[in-house]
Participant: 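Structure below; questions to follow.
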Amino acid sequence: MSLVAALLVGCGTTKTVPITGRKQSLMVSDGEMLSLSSQQYSEFMKTAKPSTNAAATEMVRHVGQRLATAVETYLRTNGMAEDIQYYKWQFNLVQDNQVNAWCMPGGLIVVYEGLLGVTQDEASLAIVMGHEIAHAVARHSAEQYSTKVKQQYGVQGASVLAGILGAGNTAISAGQQVASGLLSLQNLHYSRENESEADHLGIIFAAMAGYDPQVAVGFWQRMAAVSGKSNTSEFLSSHPSDATRIQQIQRWLPEAQRYYKPVATTTKSTAKKKTTSKKKTTTKKKK
């Protein structure tokens with residue numbers, strides 16, 4: 001009853017997406033979304049099988065933390081420090097051959113092992129994880145969640161109002177229908193506009209974290225080859241076509257490059273390269 005009444009009386013909250021500046025009207029708060037996502041993420045991890053590949057697991061967590069640090073730094077320096085309290089970053093690699101990753105509100109991320117065969121390197125992994133983090137930063141789950149609430153509220157509004165005024169059971173029933181109609185956050189499908197916005201923000205977040213955003217083109221080309229859906233109509237998918245996605249990324253690269261400051265990585269593979277570099281330097285000194 002209280003939920004339905006709040007939806008009827010309240011007009012939602014207006015938020016601004018970082019970087020793009022797009023305005024959103026949301027019917028659910030960041031705190032409420034974090035509470036929902038934390039519960040669902042915990043339930044998922046109880047049944048998931050964590051990867052036994054220690055090096056890959058460490059890489060996922062290392063890349064995720066670099067991205068998280070870059071995002072929080074950006075928010076602090078751009079007057080959005082209050083948003084940081086709603087991030088409870090988690091980065092988990094699970095045993096699954098799917099070429100996929102996802103992020104729930106609050107920065108709760110899962111990467112499937114099957115994705116690593118396509119990313120192939122740390123920078124490309126950062127492009128994917130940056131995309132997923134972008135969904136959280138841009139509040140896309142809250143946006144889609146709000147859209148579904150509004151849709152059901154619009155259909156049931158008249159009967160609910162009548163129920164509030166005199167028929168309690170009607171209001172309660174409508175409230176239950178609204179609640180049951182909302183999708184699991186894990187399975188929530190974003191719109192093509194949301195996906196494009198996540199691509200846009202994702203390469204910028206990767207650049208902020210010190211990863212070359214140009215690797216995004218090669219990564220999505222590999223994804224196109226794996227998916228075999230390069231010619232699929234955009235109308236039939238919530239995602240942009242591979243060709244459109246690559247064209248958009250190429251258009252955003254100059255912007256992303258402005259944020260790019262290379263940072264030395266600390267993964268084991270990179271550490272080996274550093275050792276080799278030091279040896280070469282020592283040899284030159286001896287000569």
Side-chain angles (χ1 to χ4, degrees), residues 12-38 40-41 60-92 100-111 123 125-147 185-186 188-211 213 216 238-240 245 248-249 252-253 255-256 258-261:
T13 303
T14 300
K15 294 288 186 178
T16 301
V17 178
I19 299 176
T20 67
R22 184 173 64 86
K23 301 295 183 182
Q24 301 166 299
S25 177
L26 305 178
M27 303 291 287
V28 60
S29 71
D30 291 334
E32 290 167 330
M33 290 304 293
L34 177 59
S35 178
L36 288 168
S37 64
S38 294
Q40 291 190 17
Y41 190 84
V60 167
R61 290 176 178 168
H62 167 69
V63 171
Q65 193 54 58
R66 273 180 61 170
L67 288 162
T69 299
V71 166
E72 290 190 359
T73 298
Y74 175 84
L75 294 176
R76 284 194 185 95
T77 57
N78 287 273
M80 294 173 277
E82 69 278 2
D83 292 348
I84 295 174
Q85 65 182 303
Y86 300 112
Y87 294 106
K88 305 298 179 185
W89 305 103
Q90 289 192 50
F91 311 100
N92 285 293
N100 198 15
W102 47 263
C103 178
M104 287 187 182
L108 308 177
I109 288 181
V110 166
V111 175
L125 177 61
I127 295 298
V128 181
M129 294 182 70
H131 171 97
E132 297 304 332
I133 286 175
H135 280 309
V137 173
R139 298 180 176 89
H140 288 158
S141 289
E143 193 168 13
Q144 295 300 316
Y145 196 96
S146 297
T147 297
L185 295 177
Q186 179 189 340
L188 204 59
H189 292 290
Y190 305 119
S191 66
R192 287 197 295 275
E193 290 76 15
N194 284 166
E195 292 294 345
S196 291
E197 189 169 56
D199 283 344
H200 185 181
L201 297 180
I203 63 172
I204 289 176
F205 291 158
M208 288 178 179
Y211 295 105
S238 63
H239 289 64
R245 173 170 254 159
Q248 289 176 335
I249 288 173
W252 295 321
L253 278 176
E255 179 187 3
R258 294 198 294 270
Y259 294 91
Y260 177 45
K261 292 182 180 179

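Here the structure is a predicted model, which is why all the values come from computation and not from measurement. Residues: numbered from 1 along the sequence shown.
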Participant: Can you check whether F205 reaches I19 side chain to side chain, under 4.5 Å on heavy atoms?
Facilitator: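 Yes, their side chains come closer than 4.5 Å.
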Participant: Show your reasoning for whether side chain to side chain contact (heavy atoms under 4.5 Å, CB included) applies to M80 and Y74.
Facilitator: CA-CA 8 Å; M80 294 173 277; Y74 175 84; 3.8 Å; yes
Participant: Using the side chain to side chain contact (heavy atoms under 4.5 Å, CB included) rule, take R139 and V17 through it: C-alpha gap first, then chi angles, then the decisive distance, then the call.
Facilitator: CA-CA 8 Å; R139 298 180 176 89; V17 178; over 6 Å; no
Participant: List the atom of E255, the atom of Y259, and the distance in Å for their closest heavy-atom pair.
Facilitator: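 E255 and Y259 have their closest heavy atoms at O-CD1, 3.4 Å.
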Participant: In Å, rounded to the nearest 0.5 Å, how long is the span from CD of E193 to OG of S196?
Facilitator: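 Here the rounded value is 7.0 Å.
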Participant: How far apart are the C-alpha atoms of S37 and Y86, what are their side-chain angles, what is the distance that settles it, and do they pass the side chain to side chain contact (heavy atoms under 4.5 Å, CB included) test?
Facilitator: CA-CA 11 Å; S37 64; Y86 300 112; over 6 Å; no
Participant: Kindly indicate whether the side chain of P18, heavy atoms from C-beta on, has any atom under 4.5 Å from the side chain of L75.
Facilitator: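 A side-chain contact under 4.5 Å exists here.
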Participant: Between D199 and Q248, does any side-chain donor sit less than 3.5 Å from a side-chain acceptor?
Facilitator: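 Judged by distance alone, the side chains do not pair up.
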Participant: Grab the two heavy atoms, one from F91 and one from Q65, that are nearest each other, plus how far apart they are.
Facilitator: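 Scanning both residues, the minimum pair turns out to be CE1-N, 3.7 Å.
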Participant: Quick one, M129 and E132 - any side-chain contact, counting heavy atoms below 4.5 Å?
Facilitator: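 Of all side-chain heavy-atom pairs linking E132 with M129, none is under 4.5 Å.
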Participant: Does a donor on one side chain sit under 3.5 Å from an acceptor on the other, for E195 and H131?
Facilitator: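 A donor-acceptor contact under 3.5 Å links the two side chains.
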Participant: Is any side-chain heavy atom of L34 less than 4.5 Å from a side-chain heavy atom of P105?
Facilitator: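 L34 does not reach P105 side chain to side chain.
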Participant: Return the CZ to CD1 distance between R258 and I204, rounded to the nearest 0.5 Å.
Facilitator: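 It comes to 8.0 Å.
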Participant: Could you walk me through whether M33 and L26 pass side chain to side chain contact (heavy atoms under 4.5 Å, CB included), step by step?
Facilitator: CA-CA 11 Å; M33 290 304 293; L26 305 178; over 6 Å; no
Participant: Compare every heavy atom of S141 with every heavy atom of Y190, then report the nearest pair and how far apart it is.
Facilitator: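 Reported closest heavy-atom pair: OH-OG, 3.0 Å.
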Participant: Could you give the distance from CD (E197) to OG (S191), rounded to the nearest 0.5 Å?
Facilitator: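 Going from the CD atom of E197 to the OG atom of S191 covers 8.5 Å.
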Participant: Hey, are the side chains of W89 and I133 touching, using non-hydrogen atoms and a 4.5 Å cut-off?
Facilitator: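 Heavy-atom side-chain distance check passes, below 4.5 Å.
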Participant: Looking at OG1 of T16 and CD of Q24, how far apart are the two atoms once the value is rounded to the nearest 0.5 Å?
Facilitator: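 That separation rounds to 8.0 Å.
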Participant: Closest heavy-atom contact between Y87 and V137?
Facilitator: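 Result for this residue pair: OH-CA, 3.3 Å.
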Participant: Atom CG of N194 and atom CZ of R22: how far apart are they, to the nearest 0.5 Å?
Facilitator: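 Nearest 0.5 Å value for the CG-CZ distance: 6.0 Å.
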Participant: Hey, can you tell me if H140 and H135 have their rings parallel, tilted or perpendicular (30° and 60° cut-offs)?
Facilitator: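 Ring orientation of H140 relative to H135: perpendicular.
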Participant: Just verifying a value: how many Å separate T73 OG1 and I84 CD1, rounded to the nearest 0.5 Å?
Facilitator: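 Answer for the OG1-CD1 pair, T73 versus I84, is 7.5 Å.
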Participant: Is there a side-chain contact between N92 and V60, using heavy atoms and a 4.5 Å cut-off?
Facilitator: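 No - every pair of side-chain heavy atoms lies 4.5 Å or more apart.
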Participant: Taking all non-hydrogen atoms of both residues into account, name the closest pair between I203 and P213 and its distance.
Facilitator: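 In terms of heavy atoms, the two residues are closest at O-CB, 3.8 Å.
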Participant: For A136 and G107, which heavy atoms make the closest approach, and how far apart are they?
Facilitator: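 So the two residues come closest at CB-N, 4.1 Å.
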Participant: Is there a side-chain contact between K15 and E143, using heavy atoms and a 4.5 Å cut-off?
Facilitator: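 No, side chains not in contact.
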